[in-house]
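As structure tokens, the structure follows; a few thoughts come after it.
What you are looking at is a predicted structure, and each value in this text was computed from that prediction instead of being measured.
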Amino acid sequence: MPEQRERWGGEETGQVSRRRGLEPPRLLRALAGVDESLLREVWHERARHTALGGVVLGTALIAGFSMLMAINQSLGAFSALHLVPALLWAVFVLNLDRLLVTSMVGNARRVGSLVMRLAVALMFGFIIAEPLIMRIFETAIVQHIQDERGRQLDALRSNLVKCNGEDRATAERDAVTPACQGFVLTFAVTPAPTTRELAGLRGEAAALEKTVKRDTDTLARLRSNAVKECVGGGSARDGFSGRSGEGPLCRQRKADAEEFARTHPVSQNTAKLATLRERIAGLETRLGTAVATFEQSREEQINRRVEEERSHQGAIGFLERLDALHDLTGQSSALAVGTWAIRLFFVAIDCLPVVVKFFGGTSGYDELFKVRAGSAQRIFAERVDTEERRTIEGYAAEKDEIERRTRMRRDENDLSLQEHQVGLTARRGDAVSAYAAELLRGRREMPPEAGRTGANGRVMTDSGAF
């Protein structure tokens, strides 16, 4: 009897049933959608279905771990709240595999489930594999991302320095080249005005210096020739008279020297040149200070801009890791082969529940399941047919009852009508009898002369014939 209760189930005590229901093998078989009462008939297949439940559970756990890795990589940090969506994803994959495994009964449905599951596995496999691949190659991916971010910051700093030279003034925004769009900084004071002023003064001083040198040399030459003519120096070949004293040529040369000195303000230009050189020296000092201030302000703004860009980079996200993995696989064929091998590996793992169920063939449990399912369908069909007949017969009986009551009401109506007609006939006869009796009484009370006989032999009275 204990063996029979164990075989057929349904007669165990509640405590023993609950204890056995919590056993790990039973829980694993429940994940595979196994009915324990039916499995008792083919007890030798328990290990097979227990292993199938373990495969279903393992696939779901890998999917949940992959989702947890994806969320952590997307947000850049781990949190206990991340376990909630990871658990939901694991439960979803678990239910999907359980549905497909339990529905694979019969060759046609088994092949259809396998094809559908393989198609789903191609998508799920990649979804599950990518976070795990990025976790496996995390060191190389993070280093690549950090290097790329460093290059971006260096390029930003270089563009900011190049597009914000000492010659750029705040008011010159219209002159910004397309290459410098978005890299121009704003400065309250730049060395550009001082540089332009200094360049102008230097140009003016250089031109004035040439004029002063030329005029000084010319005046010195004229005065030297006048002295030479007055002292009798020089030769006739050079235009000198060779006679000393205040002669015409001596006076002429002195006059030419005085005229040149009067028309060419050498002393004034020399003083102006000295003033310009003093201003240039002062501007050079100011320019040095302005350049130092400008460079300090530019460096501070560039540092702020670079730090702002660095803060915008934030934690390394999932898409950034995905791009880095794509770049790395493009640079290394070995890495590309490794990543694809891992992807295919997880695709195969994701297909394991259905693959194991499919290639395991039709088991005894499946045959019993089909027998029980067919029996349940036939019983249900008979139950529905019985309920249908019971309902139809009930409606038919109710219809007959309604028709019987209708006929009874119709007969009662006919009987009432006949009774009414009989009553009317009786009342009419009573009325006629009463009227005849009244006429007879009137006849007896009438005088003889009052009556006469008509042509038809009837007694004629004043009221008519009788």
TODO: Please list all pairs passing the side chain to side chain donor-acceptor pair (under 3.5 Å) test where one or both residues lie in residues 199-211, with sequence neighbours left out.
DONE: R202-E284, E209-R277

Task: E299: partners by side-chain hydrogen bond (donor to acceptor under 3.5 Å, both in side chains), with sequence neighbours left out - done: R157

- [ ] Give a yes or no answer on whether the side chain of D385 reaches the backbone of A381 with a donor-acceptor pair at less than 3.5 Å.
- [x] no

- [ ] Cation-pi check, R343 to W340: give yes when NZ or CZ is under 6.0 Å from the six-membered ring centre and within 45° of the ring axis, no otherwise.
- [x] yes

Open item on the list: With a 3.5 Å distance limit and no angle check, can you tell me whether S332 reaches the backbone of T329 through a side-chain donor-acceptor pair?
Closed with: no

Task: Atom pair CD (E295) and CD1 (I302), whose distance is rounded to the nearest 0.5 Å - done: 10.0 Å

Open item on the list: Between L132 and I62, is there a side-chain heavy-atom distance shorter than 4.5 Å?
Closed with: yes

- [ ] Report the distance from atom CZ of F137 to atom CD1 of I342, rounding to the nearest 0.5 Å.
- [x] 4.0 Å

Open item on the list: With a 3.5 Å distance limit and no angle check, can you tell me whether S297 reaches the backbone of T293 through a side-chain donor-acceptor pair?
Closed with: no

Open item on the list: Could you check whether any side-chain N or O of H264 sits under 3.5 Å from a backbone N or O of F260, counting only pairs where one atom can act as donor and the other as acceptor?
Closed with: yes

Open item on the list: Let me confirm one number: the CG-CD distance from L219 to E258, rounded to the nearest 0.5 Å.
Closed with: 8.0 Å

- [ ] Classify the side-chain pair D147/Q143 by whether it contains a donor and acceptor separated by less than 3.5 Å.
- [x] yes

Open item on the list: Quick check: closest heavy atoms across P85 and I71, and the distance to 0.1 Å?
Closed with: CG-CD1, 3.3 Å

Open item on the list: Between D217 and R221, does any side-chain N to carboxylate O distance fall below 4.0 Å?
Closed with: no

Task: Heavy-atom closest pair, residues V56 and R98 - done: CG1-N, 4.4 Å

Open item on the list: What I'd like to find out is whether the side chain of E320 reaches to under 4.5 Å of the side chain of E148, using heavy atoms alone.
Closed with: no

Open item on the list: Go through it in stages, so that I can follow the logic: the residues are L287 and V291, the test is side chain to side chain contact (heavy atoms under 4.5 Å, CB included), and I'd like the CA-CA distance, side-chain angles, deciding distance and then a yes or no.
Closed with: CA-CA 6 Å; L287 180 61; V291 168; 3.8 Å; yes

Open item on the list: Treating H82 as the side-chain partner and S79 as the backbone partner, does any N or O pair qualify as donor plus acceptor under 3.5 Å?
Closed with: yes

- [ ] Identify the two heavy atoms, one from R298 and one from L185, that lie closest to each other, and give their separation to 0.1 Å.
- [x] O-CD1, 4.4 Å

Open item on the list: Once rounded to the nearest 0.5 Å, what's the spacing between atom NZ of K272 and atom OG1 of T270?
Closed with: 12.0 Å

- [ ] Before giving the answer on side chain to side chain contact (heavy atoms under 4.5 Å, CB included), spell out for R26 and T50 the whole-Å C-alpha distance, their side-chain angles and the decisive distance to 0.1 Å.
- [x] CA-CA 7 Å; R26 284 177 174 261; T50 302; over 6 Å; no

- [ ] May I ask you to decide if V266's main-chain N or O and D215's side chain share a donor-acceptor pair within less than 3.5 Å?
- [x] no

Open item on the list: If I take atom NE2 from residue H312 and atom CZ from residue R149, how far apart are they, to the nearest 0.5 angstrom?
Closed with: 12.5 Å

Task: side chain to side chain contact (heavy atoms under 4.5 Å, CB included) between R304 and Q301, worked out - done: CA-CA 5 Å; R304 284 197 299 269; Q301 292 195 54; 3.2 Å; yes

Open item on the list: For the backbone of A336 and the side chain of T339, can you confirm whether one donor and one acceptor N or O come within less than 3.5 Å of each other?
Closed with: yes

Open item on the list: Treating S224 as the side-chain partner and A220 as the backbone partner, does any N or O pair qualify as donor plus acceptor under 3.5 Å?
Closed with: no

- [ ] Could you walk me through whether L273 and N269 pass side chain to side chain contact (heavy atoms under 4.5 Å, CB included), step by step?
- [x] CA-CA 6 Å; L273 180 60; N269 287 339; over 6 Å; no

Task: Side-chain heavy atoms of R262 within contact of E259, under 4.5 Å - done: yes

Task: A70 versus P131, closest heavy-atom pair with distance - done: CB-CG, 3.5 Å

Open item on the list: Looking at R305 and E308, is any side-chain nitrogen of the basic one under 4.0 Å from a carboxylate oxygen of the acidic one?
Closed with: no

Open item on the list: Could you tell me if Q252 and D256 have a donor-acceptor pair between their side chains, going purely by distance under 3.5 Å?
Closed with: yes

Task: Carboxylate-amine/guanidinium contact E138 R135, below 4.0 Å - done: yes

TODO: Would you mind checking if E387 and R390 are paired as a salt bridge, meaning a charged N to carboxylate O distance below 4.0 Å?
DONE: yes

Open item on the list: Are the side chains of L198 and R286 in contact, using a 4.5 Å heavy-atom criterion?
Closed with: no

TODO: State, yes or no, whether a side-chain contact exists between E388 and I392 at a heavy-atom distance under 4.5 Å.
DONE: yes

TODO: Determine yes or no for a side-chain-to-main-chain donor-acceptor pair under 3.5 angstrom, with S158 supplying the side chain and D154 the backbone.
DONE: no

Task: Inter-residue atom distance L335.CG - I141.CD1, 0.5 Å rounding - done: 8.0 Å

TODO: Flag the pair E382 and R389 as a salt bridge only when some basic side-chain nitrogen lies within less than 4.0 angstrom of an acidic carboxylate oxygen.
DONE: no

Task: Close side-chain approach of F380 to R383, heavy-atom, < 4.5 Å - done: yes

Task: Minimum heavy-atom distance between L153 and E309, given as atom pair plus value - done: CD2-CG, 3.8 Å

Open item on the list: Treating T218 as the side-chain partner and R214 as the backbone partner, does any N or O pair qualify as donor plus acceptor under 3.5 Å?
Closed with: yes

Task: Where I280 and A205 come nearest, the two heavy atoms and their spacing - done: CD1-CB, 3.7 Å

